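All values reported here derive from a predicted model rather than from experimental measurement.
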Amino acid sequence: MNVKKNQTVIWVLIAVLWIVCIVSGTMGYFVFGMCAGVVLMFLHMLLGMAKGERVSKKVLIYPMGIWAVLWIVSFILSGYYADLFMGRMPDFTVLGLHPSFAPTIFLYWIGGQLTLNLGFYLLQDEWLSEKD
């Protein structure tokens, strides 16, 4: 993917997404705002991962794409279970965690970190060569 050609569009999207995150959080649409934040971080990562003018498609799919999916699914599941058990104790736990917090731990925190660390290690030549 040629990042240099689309850089202006990406920067405009970043500005719009910042506004979307702030407005949606202020209006109480927290899950939507967090998902927009994932897209915002993805775009920042895209600009940072560019090697010259290009970003490797391998890196876009794995680890960056998988990371974004894990985080978005985590936020959606956390929001779902938070709404489901609002004002009452849940009938079950996930390894001792509240059902709304479990996706955050397993998908967002552990899954996201493992995905990025492993992916960047396996594909290190795609984004940072010895010469660079």
Distance (rounded to the nearest 0.5 Å) between [X] [atom1] and [Y] [atom2]:
{"X": "Ile66", "Y": "Leu60", "atom1": "CD1", "atom2": "CG", "value": "11.5 Å"}
{"X": "Leu40", "Y": "Met45", "atom1": "CG", "atom2": "CE", "value": "12.0 Å"}
{"X": "Ile10", "Y": "Leu17", "atom1": "CD1", "atom2": "CG", "value": "11.5 Å"}

With Asp83 via salt bridge (Lys or Arg N to Asp or Glu O under 4.0 Å) - residues at least two apart
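Testing Asp83 for salt bridge (Lys or Arg N to Asp or Glu O under 4.0 Å), a comparison that skips the adjacent residues, returns none.
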
Shortest non-hydrogen separation from [X] to [Y] and the atoms involved:
{"X": "Val59", "Y": "Met49", "value": "CG1-CE, 3.4 Å"}
{"X": "Leu123", "Y": "Pro63", "value": "CD1-CD, 4.3 Å"}
{"X": "Pro99", "Y": "Phe85", "value": "CG-CE1, 3.8 Å"}
{"X": "Gly79", "Y": "Val31", "value": "CA-CG2, 3.7 Å"}
{"X": "Gly37", "Y": "Cys21", "value": "N-SG, 3.5 Å"}

Residue pairs passing the ring pair (Phe, Tyr, Trp, His ring centres under 6.0 Å) test where at least one lies in residues 49-70, sequence neighbours excluded:
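Output for this query lists Trp67-Trp71.
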
Partners of Phe75 by ring pair (Phe, Tyr, Trp, His ring centres under 6.0 Å), sequence neighbours excluded?
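Applying ring pair (Phe, Tyr, Trp, His ring centres under 6.0 Å) to Phe75 gives Tyr108.
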
Contacts of type ring pair (Phe, Tyr, Trp, His ring centres under 6.0 Å), residue Tyr121, not counting sequence neighbours:
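Checked Tyr121 against ring pair (Phe, Tyr, Trp, His ring centres under 6.0 Å); zero matches.
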
Would you say that more than 12 heavy atoms from the other residues, nucleotides or ligands in this model lie under 6.0 Å from the CZ of Phe32, or not?
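Count not over threshold, so no.
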
Salt bridge (charged side-chain N to carboxylate O under 4.0 Å, His left out) contacts in which one or both residues fall within [range], not counting sequence neighbours:
{"range": "residues 8-34", "value": "none"}
{"range": "residues 19-34", "value": "none"}
{"range": "residues 52-77", "value": "Lys58-Glu126"}

When hydrophobic residues are tied together by side-chain contacts of less than 4.5 Å, even through go-betweens, does [X] share a cluster with [Y]?
{"X": "Tyr80", "Y": "Leu70", "answer": "yes"}
{"X": "Ile110", "Y": "Phe120", "answer": "yes"}
{"X": "Ile22", "Y": "Val16", "answer": "no"}

With side-chain hydrogen bond (donor to acceptor under 3.5 Å, both in side chains) as the rule and sequence neighbours excluded, what pairs involving residues 8-29 come up?
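Not a single pair qualifies under side-chain hydrogen bond (donor to acceptor under 3.5 Å, both in side chains).
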
Who are the side chain to side chain donor-acceptor pair (under 3.5 Å) partners of His98, not counting sequence neighbours?
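Once residues adjacent in sequence are excluded, the partners of His98 under the side chain to side chain donor-acceptor pair (under 3.5 Å) criterion are Ser100.
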
List in chain and number order the residues that pass side chain to side chain donor-acceptor pair (under 3.5 Å) with Ser78, two or more places apart in sequence or in another chain; answer none if no residue qualifies.
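Checked Ser78 against side chain to side chain donor-acceptor pair (under 3.5 Å); matches are Thr104.
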
Is there a donor-acceptor pair under 3.5 Å between the side chain of Ser74 and the backbone N or O of Leu107?
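Checking the backbone N and O of Leu107 against the side chain of Ser74, no donor-acceptor pair under 3.5 Å is found.
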
Distance-only, no hydrogens or angles: does the Asn2 side chain make a donor-acceptor pair with backbone N or O of Lys5 under 3.5 Å?
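Judged by distance alone, yes, a pair lies under 3.5 Å.
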
Anything under 3.5 Å between a donor and an acceptor, one on a side chain of residues 111-119, the other on a protein residue two or more places apart or in another chain? List them.
residue: Thr115; atom: OG1; partner: Gly111; partner atom: O; Å: 2.7
residue: Asn117; atom: ND2; partner: Gln113; partner atom: O; Å: 3.1

Let me have the donor-acceptor pairs involving side chains of residues 87-95, under 3.5 Å, with sequence neighbours excluded, atom names and distances please.
none

Could you check if a side-chain atom of [X] sits within less than 4.5 angstrom of a side-chain atom of [Y], using non-hydrogen atoms only?
{"X": "Lys4", "Y": "Gln7", "answer": "yes"}
{"X": "Phe106", "Y": "Leu97", "answer": "yes"}
{"X": "Leu47", "Y": "Ile14", "answer": "yes"}
{"X": "Ile76", "Y": "Cys35", "answer": "yes"}

